[in-house]
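So that the names make sense, note that chain A is the first sequence line, chain B the second, and so on, each numbered from 1.
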Amino acid sequence: MKFDKDTVARVARLARIATGDAERKQLAGELSAIIEWIDTLGEVDTDDVEPMTGVGAMTPTWRPDEVTDGGIADDITANAPACAEGCFVVPKIVE
Amino acid sequence: MTALTDLTIAGARDLLAAGHVSAADLARAHLAAMERHRDLNAFITETPERALQLADASDRRRRAGDAGRLEGIPVAIKDLFCTKDVPTTAASRILDGFTPFYESTVTAAMLRQGAVMLGKTNLDEFAMGSSNLTSWYGPAINPWRAPGDGKTRVPGGSSGGSASAVAARMAMAATGTDTGGSIRQPAAFTGTVGLKPTYGRCSRLGIVAFASSLDQAGPLTRTVRDAAIMLGAMAGHDPLDSTSADVPLDDLEDALEAGVEGMTIGVPEEYRVEGMPAVIDDLWQRGIAWLEDAGATVREVSLPHTRFALPAYYIIAPAEASSNLARYDGVRFGLRCEGDDLVSMYERTRAEGFGAEVKRRILIGTYVLSEGYFDAYYLKAQKVRTRIADDFREAWTSVDALLTPTTPSAAFAADSPPDDPVSMYLNDVFTVPASLAGLPGISVPAGLDGDGLPLGLQVIARPFDEARLLRVARTIEEAAGFDTAPRGLT
């Protein structure tokens, strides 16, 4: 299996998703099957092929560098689970 | 007279203009249908009061001689579009309680053109799925039933609530979004028309992001003409979305009836996949015959990298999703589950807030982007994507459009979905390649399978050639004479 439980634990930590032992075991099976299927890409000859990093040949457009928005901290924090004085409130990280 | 809920946008527009019906009449009729079909779970949030206010305002504008393109037309909005002061959930628990203070560019344009929003439709969580079974709000249901078994069918996904609402005549049209087939596949499953425009046609601003290089908004309707009308209102350059294209859109309604005489239509041999049911192939052959009868030349073409499109997609889309969904951390909006420290708060919030399929994709995406795997997976997939786009470019040197089935089967029963993730992903085998290449595609309802469930044919065209795409689609629609009324729906 490409994905053992330790790999799931490592990736889940990177993704900041808590997982239990039983869940990691199930995910290991499911993610291994997906990765093995994805591995068929190895059959494609991609030597000298440029990666496609954007769709179409769009040229980015220029615009004036002006402030057009802002001063709406109350709107932005209105959906926050916790906020105070226009700021988001999070658990203390520095003692 | 036809029931108001059976009207197309084009038909309603004429009656509104002639003063035979009002926007308020249309809104009330559709709100009643929405209530009657609540068992289909097509809507996550119903906004009846707002709909009636919008309808009254629309009638006032019309009386003042100021009617927009969608003036008075009752529409449903996929709950992935941010709508000002109306909750927006992406069908995820993690956005619980989120109410945007801004409007997406696409819905703002529709409202400016007079659209009357009825509510927000159900979808697979974060638009990740082909069944609608992954919604935190429970699955939306297909109004079509197989007369034989009467089992509940899925409406497809991810825009399943939109498809169900349009098919069951709760809305005259709906918005959807399509990343790998999320407009076209549910359209095929529900006997509706689903149009994914060229990448860049519609602004992505204010649409909850899944995979930014693939996501594209488009309409679900009951006719090709209505798809043209909707796209006309939804599309347009947005300076606030750097991937939005500044390419003028022709008057698609004008182009619609021009037919396919003299056009060359390609049939990609690689889409004849192993194990494809005979009924799908038969429908495809009928589609070819319809286009030939209408004066088109049909020829085989080769898109040699087709079978690698799905695995490439399942690297690229999850990679982009893992990055886009990093913002759901319990700090700025939605759900927060407290933990011992900041990191455990993040981890618990995301564990509780995301469903199983979303977690799988975030983990796959995180893995393929992680140190040591980036080149082997992500970079490789981007190179394969180039190959797939090149296949299409080569095809355009000899054909004007491509004809394929939309899905490898009709809607499956809600109680027996494909039993592993990879089998579920195969639903999008015919829609994903065009998504990777950024091409416009449309699904047109074209027939029924042996169980009496709808099937769609897909047309794919060159970038920004929606005009030709719709001409082919209109020709198929006319030849198929498909009755879009779901059998068994009362």
Leading residue by heavy atom contact count with chain B [cutoff under 4.5 Å; candidates A/D39, A/L41, A/V11]: A/L41
Close side-chain approach of B/R360 and A/L31, heavy atoms under 4.5 Å: yes
Flag side-chain contact, heavy atom, 4.5 Å: A/I76 against B/R332: no
Residue among A/T68, A/I34, A/T53 with most heavy-atom pairs under 4.5 Å to chain B: A/I34
Closest heavy-atom pair and its distance - A/A15, B/I362: CB-CG2, 3.8 Å
Minimum-distance pair of heavy atoms, taken over all atoms of B/R387 and A/D45: NH2-O, 2.6 Å
Minimal non-hydrogen separation, B/K380 against A/V44, with atom names: NZ-O, 2.8 Å
Residue, of A/E50, A/Q26, A/R63, that accumulates the most heavy atom pairs under 4.5 Å with chain B: A/E50
Non-hydrogen atoms of B/P311 and A/T40 that approach each other most closely: CG-OG1, 3.7 Å
Heavy-atom side-chain contact between B/V343 and A/R13 under 4.5 Å: yes
Greatest number of heavy atom pairs closer than 4.5 Å to chain A - which of B/K359, B/R348, B/E338: B/K359
4.5 Å side-chain heavy-atom contact, B/L363 and A/F3: no
Closest approach of B/S370 to A/L14 (non-hydrogen atoms, all atoms of both residues): CB-CD1, 4.1 Å
A/E85 CD: over 12 foreign heavy atoms closer than 6.0 Å: no
Validation row: B/L310, A/W37 side chains within 4.5 angstrom (heavy atoms): yes
Most contacts with chain B, counted as non-hydrogen pairs under 4.5 angstrom, among A/D75, A/T77, A/I72: A/D75
Portion of B/P421 that has a non-hydrogen atom of chain A nearer than 4.5 angstrom: side chain
Closest non-hydrogen atom pair between B/V422 and A/A33, with its separation: CG2-O, 4.2 Å
